[in-house]
Structures are given as structure tokens and as C-alpha cells.
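Some notes on the structure that comes next.
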There are 2 protein chains.
Amino acid sequence: MQRGRNVSKLTLQKVAELAGVSRSTVSRVVNHHPSVKPAVRQRVQKVIDETGYHPDPAARSLANQRSGIIGLVIPRVFQSLFTDPYYPRLMQGISQACNTHNYILSLFLFHTEDEEQKLTAKLLRQQLVDGIILSALPAGDPLVPQLIGSQMPTVMIGRPLEAQAISYVDVSNVDGADEAVAHLLKLGRQRIATITGPLNTTVGLDRRQGYRNALRNDDIAVDEALIVESDFTEAGGYQAARQLLEHRPDAIFAASDPMAMGALRALRDAGRRVPDDIAIIGFDDLPFAATAHPPLTTVRQPILRQGITAVEMLTDLLESGLRPTRQFTAPTELVIRQSCGANPKTHVDIDVNVRL
Amino acid sequence: MQRGRNVSKLTLQKVAELAGVSRSTVSRVVNHHPSVKPAVRQRVQKVIDETGYHPDPAARSLANQRSGIIGLVIPRVFQSLFTDPYYPRLMQGISQACNTHNYILSLFLFHTEDEEQKLTAKLLRQQLVDGIILSALPAGDPLVPQLIGSQMPTVMIGRPLEAQAISYVDVSNVDGADEAVAHLLKLGRQRIATITGPLNTTVGLDRRQGYRNALRNDDIAVDEALIVESDFTEAGGYQAARQLLEHRPDAIFAASDPMAMGALRALRDAGRRVPDDIAIIGFDDLPFAATAHPPLTTVRQPILRQGITAVEMLTDLLESGLRPTRQFTAPTELVIRQSCGANPKTHVDIDVNVRL
DNA sequence: TTGCATTTTGGGAGCGCTCCCAAGAATTTT
DNA sequence: AAAATTCTTGGGAGCGCTCCCAAAATGCAA
């Protein structure tokens with residue numbers, strides 16, 4: 001009935017016998033415990049290499065009460081965004097760092113409310129995963145307080161909406177947006193509109209704040225009609241841009257690249273030229289931004305790096321006990337292409353892969 | 001030193017004491033074993049619900065020799081594709097089905113060759129994951145034979161290149177491509193080119209085969225100059241299309257949507273009109289296809305369903321022992337929009353979300 | 001009521017590892 | 001050279017669960 005258990009399994013005990021030492025000594029070698037005589041260590045290591053021994057993760061987990069697994073949790077609300085390349089990129093970074101630090105990465109996508117409940121309860125029981133990386137959440141989500149209450153080591157991607165005693169990795173959304181809009185102002189644009197992300201998320205709020213900061217910095221009154229809330233998607237950007245068109249903006253700052261693409265499409269459908277009639281700047285610098293038509297000026301954020309940093313913060317937390325929470329905010333960088341009208345000569349930049 | 005273990009942990013034993021029964025009985029209740037008197041079962045269940053008891057996964061794994069984890073393995077070669085929405089979609093399907101069947105999903109992305117080696121060895125040792133879902137591999141990859149040799153239950157996404165005793169979930173790439181090209185022929189296109197995927201993958205080969213089949217079916221000689229190999233990416237499609245332009249095609253069948261987008265861009269840069277001068281059909285029906293300019297005619301494949309099916313085949317395998325391998329090939333569907341020139345009136349279809 | 005078959009329950013053993021403690025070996029000190 | 005100290009090593013116990021077997025409880029027929 002046991003599948004594939006033809007060869008009797010290799011255990012610490014067996015390796016120990018082969019090397020002529022005890023279980024404990026092998027365990028010490030495996031775990032790089034210092035107090036093993038070099039000669040013995042070498043002999044044991046040789047047996048390990050020759051036999052291809054790997055400790056049984058379940059037994060190990062049971063004995064030392066940790067699973068060696070990091071859980072990446074992406075809540076339901078963000079499922080719709082899941083098809084945008086942001087998440088894959090983030091996951092790549094997270095996965096890479098997990099490998100480096102010898103953790104297994106498990107993925108928890110919540111699909112229904114029911115599932116969310118059940119899975120959350122399981123996750124919080126401390127034995128399934130050692131720690132959690134949590135993608136940003138909308139306001140009022142009960143998950144964050146639950147996590148804090150449960151003592152589960154957690155690092156959030158993106159600052160939580162309500163200030164919380166929790167570690168997170170963020171990007172300078174406010175300043176990035178500010179810089180983008182300032183750039184448009186410098187280019188002489190007068191009526192700059194913005195398509196925001198959902199305003200129940202910090203990302204949405206922060207990028208709008210940056211927009212406001214830039215205008216205020218130039219003593220320009222904010223026209224609320226030029227601010228439209230959307231949902232980070234292409235379709236959302238399209239709708240929002242249509243709506244904005246009535247108010248005759250001469251530039252649009254979209255809080256995400258997909259929305260910028262949607263806006264681009266809306267403008268094209270409406271017969272407006274970009275950047276001549278209306279300039280556009282996005283946010284993210286996703287791969288397609290460079291090859292959009294026209295190539296999209298956008299605020300680059302180091303997505304891969306964010307993932308890596310999140311894992312490193314978490315493993316730090318796991319390996320050194322619960323210490324004060326930490327925060328990290330990565331800088332953004334304005335990538336000037338053609339859609340903002342600053343750079344009409346340059347041709348499409350091809351270095352899509354040089355991004356971190 | 002134990003983080004957060006303030007409350008002494010809830011074990012089978014404790015639950016048993018609370019319910020006034022033995023460990024074994026509680027275990028039976030938890031595992032839905034039939035031989036428990038209804039009254040007792042109810043009493044135990046009540047305690048479980050009230051205390052919020054969940055069995056410790058590590059202990060469980062150790063005792064019954066399975067981890068309850070399904071590993072999704074995506075090899076290095078496909079990392080570059082990882083930013084295209086195909087994988088997220090697939091993962092969504094896989095994750096959903098894993099939840100339904102009570103498995104944990106772990107993600108294994110190989111980043112370097114070294115990592116690939118190390119992780120593979122670990123994976124094959126049978127105790128880390130119960131089974132593996134393997135995304136398609138290029139020719140000659142040693143992973144498939146290794147997996148077969150190791151007795152690790154595996155389901156591949158996409159048929160393996162060399163026929164192997166392995167289960168897989170595929171889509172009808174040949175027929176899908178055939179249908180697309182036949183459609184172009186029916187519309188009167190004469191010089192139909194194709195941008196293929198990598199020809200060391202079945203997907204690449206199959207879709208090219210479909211292209212050939214369609215031409216042969218119309219007694220049209222295949223002009224090898226009209227076949228350019230690429231890599232499924234936007235940038236690759238762009239390059240390939242530039243190359244094809246010299247041979248004056250009046251239609252291009254691109255074996256993936258990103259390549260179709262690249263081709264679209266190349267044509268625009270070259271001043272060609274789509275579909276008037278050149279028609280284009282893609283493959284995948286990724287979300288952006290509907291909102292491309294012009295909206296992309298493409299071959300839809302049920303990505304989410306593929307993921308679900310893969311998991312179901314795997315859990316079947318896991319729960320009923322190793323039985324003969326199985327294969328499943330999902331149908332494709334030609335989605336006609338504007339880029340093929342068949343449908344110049346229709347407007348952008350918005351039902352991006354109705355896709356399975 | 002007794003005897004037998006059948007359900008239901010309890011407890012021992014064991015999954016493979018880590019941790020602790022004590023025993024043994026090696027090293028240093030006097 | 002013996003004693004004190006330190007470094008290595010081995011083995012027991014236990015992590016929390018499942019599985020098996022035997023004991024207890026129940027049901028049924030005679």
C-alpha cells in the first residue's frame with residue numbers, strides 16, 4: 001500500500017551505523033553543530049554524501065517545533081490583480097530568497113470567504129508555517145489584528161492601513177507619485193488628473209497623496225473632478241480615463257501601469273494623441289510599460305527586491321526571536337519614456353530585463 | 001525561547017481527556033473513521049469545535065508518512081515567462097483545487113542550476129511533498145526521467161516531449177493552431193506566416209504542426225521563410241515579426257498572445273495596418289488580448305481548468321495508489337476579435353472575466 | 001439467561017528527529 | 001604523572017500523531 005517504499009528508508013540511525021557513530025553525532029553534523037571532531041565530521045559527511053541522505057522534514061518539524069515553511073498569503077480581494085505581472089515578480093523574489101535561506105514557500109490564495117476562514121484558522125495555529133508574508137490588505141480586514149494576536153511572525157508587503165505593531169516592506173509611494181506629477185508640472189502641464197487605486201488601501205491613498213503634494217508644492221489648487229478612484233486594472237483605467245476626459249485634463253497620472261494602459265486605450269479610442277494632447281505617467285514599471293505605444297513613462301518600484309527583503313526580515317525574525325517590528329521603505333525611480341512628452345527623441349528602451 | 005508558546009499546546013491527548021475518551025477515539029473522529037458511536041462522536045466533536053483543535057501537521061506527517069503537500073515545480077527555463085499572466089492563472093486554478101482537496105500548495109521555482117540540483121534531490125526524497133505538478137519542460141531535461149525513476153507521483157502541465165509513462169494535462173494545441181490558420185485562409189489570406197514557440201517544447205512544436213496541417217489541408221506549400229522560431233515573449237514576437245516583414249506575409253499566426261502583441265508592435269512601428277495589411281492571430285486569450293489595439297483574435301485555452309484538472313489527477317493518484325498514467329487534453333476555442341480582419345464591426349468585448 | 005459474533009474503545013509501539021544529560025576521551029594544569 | 005578541566009560522544013526521552021491488536025461493550029440468537 002505504501003507507494004514507492006521499496007528501499008527501506010534512510011534514517012539518521014542508518015547513516016550513524018554506516019559511519020560507525022551515534023545518531024546524535026550524525027545529527028550534529030547535519031546541523032553544523034560545532035562540537036564534532038573534524039575527522040569524525042568528515043567521515044560522517046562522506047557517508048551522507050554517498051548515500052544522499054536528507055533528514056525527514058516531518059520528523060524534524062515534530063522534534064523542533066518548526067516547519068521550515070513560509071506562507072505567502074494573498075487575500076481574495078487581490079485575486080483580480082493576480083493576473084498582472086506584479087505578483088509573479090514578487091513571488092519570484094520571495095521564492096528566490098526562500099531558497100537561499102532554506103525555507104519552503106507555500107502559497108495561500110483565498111478563493112471564497114469560507115476558505116478564508118478555514119485556512120486562516122489553520123494558519124494561525126502556529127504549526128503549519130513558521131511565518132507569514134502577507135500581501136497588502138484593504139481597510140478593516142480582520143486578518144492583521146488576528147495575526148498580531150496570534151503571535152505569528154509576519155511581514156507585510158505594503159504598509160498596513162491602520163498603523164500596527166507589524167513589520168512591513170513598503171515603497172515610497174508618496175514620493176514616487178510626487179516626483180511623477182512634479183515632472184508633468186515641470187513639462188508645463190496645467191490640468192493634471194489622476195486615476196487612483198482603491199482608496200481603502202495604503203497604496204491607493206499614498207499615491208494620491210503624492211499627487212496632492214506635487215500640486216501643493218506648485219501652489220496649484222486640487223480640482224477634485226480630476227481625481228477618479230479606480231481599481232488598479234486595465235479595464236478600471238479605461239473607465240476612469242473616459243470619465244476624466246469630460247474635464248479636459250492635459251495629463252494623467254495613473255497609480256498603476258495597467259491603469260495607465262487602460263487610459264492609453266481610452267484616449268486612443270477618443271482620438272486623443274499621447275503625449276501631444278495628453279501626457280500619461282504610470283506606476284510600477286511592469287515589463288509591458290517599455291513596449292507600450294507610446295512607451296510609458298512610469299515610476300519604477302523594485303518589486304523583486306521587495307520580495308527578497310520581506311523574506312529576509314521574516315527569517316531574521318524567526319531566527320532571532322520576536323524583537324521590535326521593523327519597517328523598510330524602498331525608493332522608487334521615475335523612468336522617463338515617451339508617454340509624458342519629455343523625451344520625444346529617444347527610442348524604445350529594450351533593457352526590459354535589467355530591472356531589479 | 002519558544003516563540004508564542006504561552007498556552008500549552010492543544011494535543012489529541014488533551015482533547016481526549018476533555019471529552020472523557022481515549023486518544024484513539026479522538027483520532028478516529030478527526031479522521032472520520034466510521035467505527036465511533038454517534039453519541040461519542042458528537043461529544044468529541046463538540047470539544048474539538050469549542051477548543052478549536054487542529055491536529056499538528058508535522059506529527060501527522062511523521063506518523064502516516066505523507067506531508068499533505070503538493071509541489072508546483074517551475075523550472076528555470078520558464079522563469080522569463082513567469083511575468084506573463086499564464087502562470088498566475090494556472091496557479092490560481094491549482095491553488096483552488098488544492099484548497100478543495102485539502103492539500104497545501106508549495107511553490108518551487110528554480111533560479112540557478114545549483115538550486116535546481118539541490119532542490120530536485122530534496123523533492124525526490126519523497127517526504128517533502130506527496131506529489132508534484134510539473135510545468136512543461138524543454139527537450140532533454142533530466143527532471144522527467146528522474147521523477148519517473150523516483151516513483152514520485154507527478155502530473156505534468158503539457159505533454160512531455162518524449163512520450164513517457166507519465167500523466168499529463170494538455171490542450172489541443174495542434175487543432176487550436178489549425179483552426180486559427182484555417183480561419184485566416186478562409187478569410188482569403190495567402191501568405192500566412194507563423195511565429196512559433198521554442199521548438200524544443202511540445203507547445204512550440206504542436207502549434208507549428210497545427211499551422212502546417214491547416215496549410216496542407218488547403219494544399220498550400222509551406223514556405224519555410226514564413227516560419228520563425230521565437231520564445232513566447234513580447235520582445236521575441238517583436239523581433240520575429242520584423243524578420244518576417246521582409247517576406248511580405250499578409251497574416252501572422254503567433255503561438256502566444258505576448259508574441260502576438262510584439263508582432264503588433266513591430267507592424268505598427270513598420271507602418272503596417274492590422275488587420276488591413278496584415279492579419280494577426282494569437283494563442284492563449286490572456287486578459288490583455290481583449291483590450292489590445294486592435295483587439296486580438298486568439299485561441300483560447302482553459303488555463304484555470306487545466307490547473308484544476310492537474311490537481312485532481314494528482315490527488316486521485318495519491319489517494320488510490322499508482323495506477324496507469326492518465327492523460328487529459330482540453331479543447332481550445334477560437335475567439336474572433338478584430339486583429340484577424342473577420343469582424344470589423346464588433347466592438348471590444350469586455351467580458352474579460354467570463355473566461356474559465 | 002447464556003454464549004457467541006460484532007462493534008466500539010483503549011493503549012502500546014513506532015514514525016525519525018532534536019535536545020539534554022551524563023559518560024568517556026582528550027587536553028591542560030599543577 | 002595525576003588531577004582538573006574541557007571537548008566529544010552516546011543514549012534516553014519526547015515531539016503528537018496513526019496504526020494495530022486486544023479488551024470491553026454491545027447486540028443477537030438460542
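In the text below, chain A, chain B and the rest are named by the order of the sequence lines, each starting its count at 1.
At D/dG10, one or more side-chain N or O atoms of A/Thr25 fall inside 4.0 Å of OP1 or OP2 (strictly under the cut-off). Between C/dG16 and A/Tyr53, no contact under 4.0 Å exists linking OP1 or OP2 to a side-chain N or O.
B/Ser35 comes within 4.0 angstrom of a base, heavy atoms only.
Checking C/dC21, C/dT18, D/dC19 against the side-chain heavy atoms of A/Ala63 singles out C/dT18 as nearest. Nearest nucleotide to the A/Thr11 side chain, out of C/dG16, D/dG10, C/dT9: C/dG16. Comparing C/dT9, C/dC17, C/dG10 against the side chain of B/Val40 picks out C/dT9 as the nearest. The listed nucleotides are C/dT9, C/dT18, D/dG11; the one nearest the side chain of A/Asn31 is C/dT18. Of the candidates D/dC21, D/dC17, D/dG10, the closest approach to any side-chain atom of A/Ser22 belongs to D/dG10.
A/Arg60 contributes no side-chain N or O that forms a donor-acceptor pair with the base of C/dT18 under 3.5 Å. The base of C/dG11 is paired with the side chain of B/Ser24 by a donor and an acceptor separated by under 3.5 Å.
Side chains of B/Gln96 and B/Ile308 form a contact here, defined as non-hydrogen atoms less than 4.5 Å apart.
For the pair B/Leu62 CG and D/dC15 P, the interatomic distance rounds to 13 Å; values are reported in whole Å. Atom CD in A/Glu17 sits roughly 12 Å away from atom P in D/dG10 (whole-Å rounding). Computed from coordinates, the B/Asp56 CG to D/dG14 C1' distance equals 13 Å when rounded to whole Å. Atom-to-atom, CG of A/Leu12 to P of C/dC15 comes out at 13 Å; the value is rounded to the nearest Å. When the C1' atom of D/dT9 is taken as reference, atom CD of A/Gln13 falls 14 Å away, rounded to whole Å. Between B/Leu128 atom CG and C/dG16 atom C1' there is a gap of 15 Å when expressed in whole angstrom units. Atom CZ in B/Arg23 sits roughly 8 Å away from atom P in C/dG12 (whole-Å rounding). Counting to the nearest Å, the P atom of D/dT18 and the CD atom of B/Gln65 are 13 Å from each other.
Nearer to the 5' terminus of DNA chain D, by closest-nucleotide assignment, is the contact made by A/Val36 (compared with the other of A/Val36 and B/Ala59). In this structure, A/Ser27 and B/Lys37 both approach DNA chain C, and ranking their closest nucleotides by distance from the 5' end singles out B/Lys37.
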request  = Check the pair B/Tyr168, B/Thr325 against side chain to side chain contact (heavy atoms under 4.5 Å, CB included), reporting the backbone distance first and the verdict last.
outcome  = CA-CA 8 Å; B/Tyr168 61 80; B/Thr325 59; over 6 Å; no

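Side chain of B/Ser67 to main chain of B/Ser61: no donor-acceptor pair is present (N/O by atom type, distance under 3.5 Å, no hydrogens or angles). B/Thr25 places no side-chain N or O within donor-acceptor distance of the main-chain N or O of B/Val21, the cut-off being under 3.5 Å.
Using a 4.0 Å cut-off between a side-chain N of Lys or Arg and a carboxylate O of Asp or Glu, A/Asp56 and A/Lys9 qualify as a salt bridge.
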